[in-house]
Amino acid sequence: MLVVHKYGGTSMGSVERIKSVAQRVAKWHRAGHRVVVVPSAMAGETNRLLGLAKEISAEADPRELDQIASTGEQVSVGLLAIALQALGVKAKSYTGWQAGIKTDSAFTKARITEIDGAKLLSDLDAGVIPIVTGFQGIDGAGNITTLGRGGSDTQAVAVAAAIKADECLIYTDVDAIYTTDPRVVEDARPLKVIAFEEMFELASLGSKVLQIRSVEFAGKYRVPTRVLSSFTDPLIPIEIEAKSGTLITFEEDEKMEQAVVSGIAFNRDEAKITLRGVPDMPGIAYKIVGPIGEANIDIDMIVQNIGESGHTDFSFTVHRNEFDRAMRVLNEQVKPALGAKEVVGDNRVCKVSIVGIGMRSHVGIAATMFKALADENINIQMITTSEIKTSVLVDDKYMELAVRALHRAFELDKEPAARAA
Ligand code: ADP
Ligand code: ASP
Ligand code: MG
């Protein structure tokens, strides 16, 4: 098989862990498989590097942030190459630019535009294991770029697509994709398979197990992608390892669980802003949302209340990092232009979402969700729905309570066949 192995920060977190990764990779190599490895920086390293920059300036040049953050992965690939060589296996490390990973110039959140897989394939032909830094590439002007936090997942899947790998194996610190984050809900259940569409929604709604763009790549290029543990014995038989964890599938087949709700995601990165007492007339939404868009701030959820005596309230959410900037735009531009009464902000909210392709064909799911939250006395501040998900915005002090209550209400700890609904 031709495979890409991706190892996350915790999996690369110490010299001991790196030696264990080397043993696992060498095992695949010796069994005759062709392996390209994409490791992350050692756990905590990216935060440490970005922290240094922040100590100097809160508004550092994004180009320089990428220059700095990209070095975490550069250390990892070198160490892993040495660990493999120490086991008597040929290995060679590359940074993103050395491996020919081209991106656009959106520093700190660049998108991969092109990968030349030829060099990696020629290494493999020569019996050498290529090790490529996660999370980074080079733009048209030769600047180093990074793909955003968690971006090593995307690097790995993109490399897998470029070399037409049989599978991309994402090794991490949990042994599967679960019904929700197993660190929040103890009885979260591991899934054998998950539909691409569901994983895509979960990742976009905040589930950090895979970066959203890695799921996008997997879908676009139909890369079979598996999430599994790097904490098992590195020498376990490949037949067992290759079937472990969770596979993202593109077809609904008989292996799919027939669940209505498959998973729960949550996202603490939200902030809510309300503009009170705006005139209720055509064009208002545009006049509020327009300047926010011009400031390059993404809006997520939106609610406009029914007007009363010619006025209305308009609320929306933005990423918590953009909260201050969005408040400034509203206070300085929008409020005076519209003659609105006041701007109120709350950056202690979070979004909790239920996801499942079974929601397409079932009614009453939202009612079950709202009742479970009401029973815990959790106030819902906003709601958005689409065909396969329902999201609510709640006070972030209730986040874990909400996730647990919903996990229980939809009986996600049980196999779908054993659920009441
Ligand atoms: P890595 O460093 O390997 O990329 P991450 O921390 O980015 O690891 O992602 C793995 C983490 O994702 C797990 O430790 C777990 O806490 C979290 N997580 C969130 N949602 C889920 C889920 N549905 N299933 C499994 N893990 C999840
Ligand atoms: N090291 C980068 C980060 O911490 C990329 C990754 O681990 O996926 O975000
Ligand atoms: Mg990650």
Side-chain angles (χ1 to χ4, degrees), residues 5-14 17 21 38-51 65-66 68-77 95-96 108-110 132-137 145-159 168-194 198-215 225-231 245-246 248 261-269 352-356 399-400 403 406-407 412-413:
H5 281 196
K6 182 262 173 177
Y7 292 91
T10 319
S11 310
M12 294 289 293
S14 64
R17 296 293 322 146
V21 166
V38 178
S40 289
M42 295 170 79
E45 188 58 13
T46 310
N47 284 344
R48 188 185 73 84
L49 292 165
L50 293 172
L65 290 178
D66 279 359
I68 296 162
S70 64
T71 63
E73 269 74 8
Q74 190 168 340
V75 172
S76 287
V77 289
T95 60
T108 76
K109 50 182 177 209
V132 182
T133 50
F135 166 66
Q136 60 198 271
T145 54
T146 72
L147 310 181
R149 302 307 306 269
S152 298
D153 297 332
T154 304
Q155 188 98 314
V157 178
V159 166
C168 182
L169 295 116
I170 310 267
Y171 289 90
T172 184
D173 56 6
V174 284
D175 60 4
I177 296 168
Y178 282 71
T179 46
T180 192
D181 190 339
R183 296 185 204 284
V184 170
V185 178
E186 239 172 55
D187 54 7
R189 204 168 50 87
L191 302 167
K192 288 303 287 174
V193 290
I194 186 162
E198 290 176 330
M199 191 60 237
F200 184 82
E201 285 287 356
L202 287 170
S204 75
L205 294 167
S207 171
K208 300 235 154 60
V209 63
L210 286 176
Q211 199 201 35
I212 174 71
R213 286 187 188 159
S214 70
V215 187
T225 301
R226 182 181 294 276
V227 172
L228 69 171
S229 174
S230 71
F231 281 77
T246 309
I248 299 175
V261 173
S262 298
I264 301 175
F266 48 85
N267 187 355
R268 282 196 181 93
D269 297 334
V352 178
S353 310
I354 56 171
V355 171
M399 193 202 79
E400 301 201 345
V403 174
L406 293 172
H407 202 268
L412 297 189
D413 57 318

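In what follows, every heavy atom counts, from backbone to side chain, and hydrogens, waters and symmetry copies are set aside. Numbering of ligands and ligand atoms starts at 1, following listing order. Since this is a predicted model, take the numbers as computed values, not measurements.
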**OP:** Would you please name every residue forming a salt bridge (charged side-chain N to carboxylate O under 4.0 Å, His left out) with Arg17, sequence neighbours left out?
**Re:** none
**OP:** Mark yes or no for whether Asp175, through its side chain, and Gly245, through its backbone, hold a donor-acceptor pair below 3.5 Å.
**Re:** no
Original post:
Going by distance alone, is a donor N or O of one side chain under 3.5 Å from an acceptor N or O of the other, for Asp153 and Ser214?
Top reply: no
**OP:** Flag Gly150 as yes when one of its N or O atoms lies below 3.5 Å from any N or O atom of ligand 2, and as no otherwise.
**Re:** yes
Subject >> Sub-4.0 Å atoms of ligand 2 with respect to non-hydrogen atoms of Glu73 >> reply: 1 (N), 2 (C), 5 (C)
Original post:
Thr145 and Asp66: side-chain donor and acceptor closer than 3.5 Å?
Top reply: no
Original post:
Mind checking whether Gly151 has a heavy atom under 4.0 Å from ligand 2?
Top reply: yes
**OP:** Examine the proximity of ligand 2 to Gln211 and report which part, side chain or backbone, both or neither, has a heavy atom under 4.0 Å away.
**Re:** neither
Subject >> Counterpart residues, salt bridge (charged side-chain N to carboxylate O under 4.0 Å, His left out), relative to Lys208 (two or more places apart) >> reply: Asp269
Original post:
Tell me, which residues have any heavy atom less than 4.0 Å from some atom of ligand 1?
Top reply: Lys6, Gly8, Gly9, Thr172, Asp173, Val174, Ala176, Ile177, Tyr178, Thr180, Asp181, Pro182, Arg183, Ser207, Lys208, Val209
Subject >> Ionic contact status for Arg268 with Glu400, cut-off 4.0 Å >> reply: yes
**OP:** Tell me, please, which residues at least two apart from Tyr7 pass ring-ring contact (aromatic ring centres under 6.0 Å, His included).
**Re:** His5, Tyr171
Original post:
Which protein heavy atom lies closest to atom 4 (O) of ligand 2, and at what distance to 0.1 Å?
Top reply: Arg149 NH2, 2.9 Å
Subject >> Taking atom 6 (C) of ligand 2 as the reference point, the nearest protein heavy atom with its distance >> reply: Ser152 OG, 3.3 Å
**OP:** Check ligand 2 against Ser40 and write out every atom of the ligand that is under 4.0 Å from a heavy-atom position of the residue.
**Re:** 6 (C), 7 (O), 8 (O)
**OP:** Tell me, with the steps shown, if Glu198 and Ser262 meet side-chain hydrogen bond (donor to acceptor under 3.5 Å, both in side chains).
**Re:** CA-CA 8 Å; Glu198 290 176 330; Ser262 298; 2.7 Å; yes
Subject >> Whether Arg213 side chain and Gly151 backbone form a donor-acceptor pair below 3.5 Å >> reply: no
